[in-house]
**Student:** 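The following block contains the structure, expressed as structure tokens.
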Amino acid sequence: MRVINVRKQPEYKDLAIDYFTKNWGMRVIYEDSINTCLTAQNPLPVWYLLLDGDKIVGGVGLITNDFISRMDLWPWLCALYIEEDYRGQNLSARLIEQLKVDCAKMGFETFYLATDHVGFYEKHGFKYIADGHHPWGETSRIYEIEV
């Protein structure tokens with residue numbers, strides 16, 4: 001297994017766009033964000049793929065805001081996904097650990113996520129801090145983790 005940073009390996013750009021679109025929809029959002037990350041002056045956004053050989057088995061993004069009201073918090077883990085056949089192997093932890101390493105290099109002491117899942121992220125060291133509001137009227141739990 002290896003983690004690919006799409007910003008550092010732009011040859012994976014199109015595969016990343018297709019992968020995140022397949023799992024989360026909204027192609028225009030992923031296409032714009034992933035294309036932009038390749039030439040951005042700022043350290044964010046950055047997108048990652050988890051590969052088993054040549055097969056993409058997971059992915060995650062690190063972005064400035066995940067469509068949530070807490071604009072005072074960043075960066076945000078987003079779009080974490082592990083293929084069903086690969087779940088239960090602690091691969092999410094591998095991606096989260098990569099985010100911790102990269103966040104520390106960028107000077108961030110924490111990062112955040114917005115989710116409706118209860119229990120999963122706590123196992124990885126995230127702490128619930130508040131509820132946040134989405135533009136479409138729903139709320140999500142906000143978690144933070146120290147790097």
Side-chain angles (χ1 to χ4, degrees), residues 1-38 43-70 73-106 108-147:
M1 296 279 177
R2 61 192 170 114
V3 177
I4 299 295
N5 178 325
V6 177
R7 181 179 269 211
K8 293 179 180 176
Q9 293 183 264
E11 65 271 20
Y12 286 91
K13 169 188 70 100
D14 292 331
L15 291 171
I17 292 166
D18 290 343
Y19 185 76
F20 288 103
T21 300
K22 175 187 84 161
N23 291 302
W24 299 104
M26 304 179 296
R27 181 175 188 87
V28 68
I29 300 290
Y30 294 107
E31 190 170 52
D32 191 32
S33 183
I34 293 168
N35 280 324
T36 301
C37 89
L38 301 179
L44 301 174
V46 62
W47 295 89
Y48 302 84
L49 295 173
L50 180 62
L51 276 66
D52 182 6
D54 291 333
K55 181 179 181 183
I56 301 172
V57 300
V60 68
L62 189 64
I63 60 175
T64 57
N65 189 279
D66 199 13
F67 303 105
I68 195 88
S69 58
R70 292 297 303 271
L73 306 175
W74 72 84
W76 293 81
L77 175 158
C78 74
L80 177 63
Y81 192 86
I82 301 295
E83 294 296 324
E84 278 191 46
D85 293 350
Y86 285 80
R87 293 179 187 169
Q89 299 177 38
N90 213 23
L91 297 177
S92 294
R94 184 153 183 184
L95 290 171
I96 291 166
E97 286 304 313
Q98 185 66 56
L99 294 185
K100 284 182 176 182
V101 167
D102 288 353
C103 279
K105 287 178 184 175
M106 290 181 233
F108 296 112
E109 296 177 1
T110 57
F111 62 92
Y112 304 87
L113 72 94
T115 185
D116 297 328
H117 293 289
V118 176
F120 178 78
Y121 289 102
E122 291 90 337
K123 292 177 192 174
H124 295 284
F126 284 87
K127 294 180 178 70
Y128 169 78
I129 60 168
D131 286 338
H133 307 280
H134 297 286
W136 50 88
E138 295 178 12
T139 61
S140 287
R141 296 171 61 84
I142 297 174
Y143 290 85
E144 72 177 353
I145 192 167
E146 293 181 6
V147 300

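Only this structure's heavy atoms are used, side chains among them; waters, hydrogens and symmetry mates stay out. Note that the structure is a prediction, hence the values are computed from the model and not measured.
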**Student:** Please find the pair of heavy atoms, one from Asn35 and one from Lys13, that lie closest to each other, and give the distance.
**Tutor:** OD1-CD, 2.8 Å
**Student:** When you compare the side chain of Asn5 with that of Gln9, does any pair of heavy atoms fall below 4.5 Å?
**Tutor:** no
**Student:** Where do Ala114 and Ile68 come nearest, in terms of heavy atoms and distance?
**Tutor:** CB-CD1, 4.0 Å
**Student:** If you take all heavy atoms of Phe111 and Val147, which pair is closest and at what distance?
**Tutor:** CD2-CG1, 3.7 Å
**Student:** Below 30° counts as parallel, above 60° as perpendicular, anything between as tilted: where do the rings of Trp76 and Tyr112 land?
**Tutor:** tilted
**Student:** What donor-acceptor contacts under 3.5 angstrom involve side-chain atoms of residues 45-61, with partners at least two apart or in another chain?
**Tutor:**
from	atom 1	to	atom 2	distance (Å)
Trp47	NE1	Ser33	OG	3.0
Tyr48	OH	Asp102	OD2	2.5
Asp52	OD2	Tyr86	OH	2.8

**Student:** Which pair of non-hydrogen atoms, one from Leu77 and one from Leu62, has the smallest distance, and what is that distance?
**Tutor:** N-CD1, 4.2 Å
**Student:** Return the set of residues passing ring pair (Phe, Tyr, Trp, His ring centres under 6.0 Å) with Tyr121 (not counting sequence neighbours), or none when no residue passes.
**Tutor:** Phe126
**Student:** Distance under 6.0 Å and angle within 45° of the ring axis: does Arg87 meet both against Tyr81?
**Tutor:** yes
**Student:** Apply side-chain contact (heavy atoms from CB on, under 4.5 Å) to the pair Arg27 and Asp18, showing each step before the final yes or no.
**Tutor:** CA-CA 8 Å; Arg27 181 175 188 87; Asp18 290 343; 2.9 Å; yes
**Student:** Under a 4.0 Å threshold between the charged nitrogen and the carboxylate oxygen, would Arg94 count as salt-bridged to Glu97?
**Tutor:** no
**Student:** Just checking, any donor-acceptor pair under 3.5 angstrom between side chains of Tyr128 and Glu122?
**Tutor:** no
**Student:** Please find the pair of heavy atoms, one from Arg7 and one from Cys37, that lie closest to each other, and give the distance.
**Tutor:** NE-O, 2.8 Å
**Student:** Work out which heavy atom in Asp131 is nearest to a heavy atom in Ile142; give both atom names and the distance.
**Tutor:** C-CD1, 4.1 Å
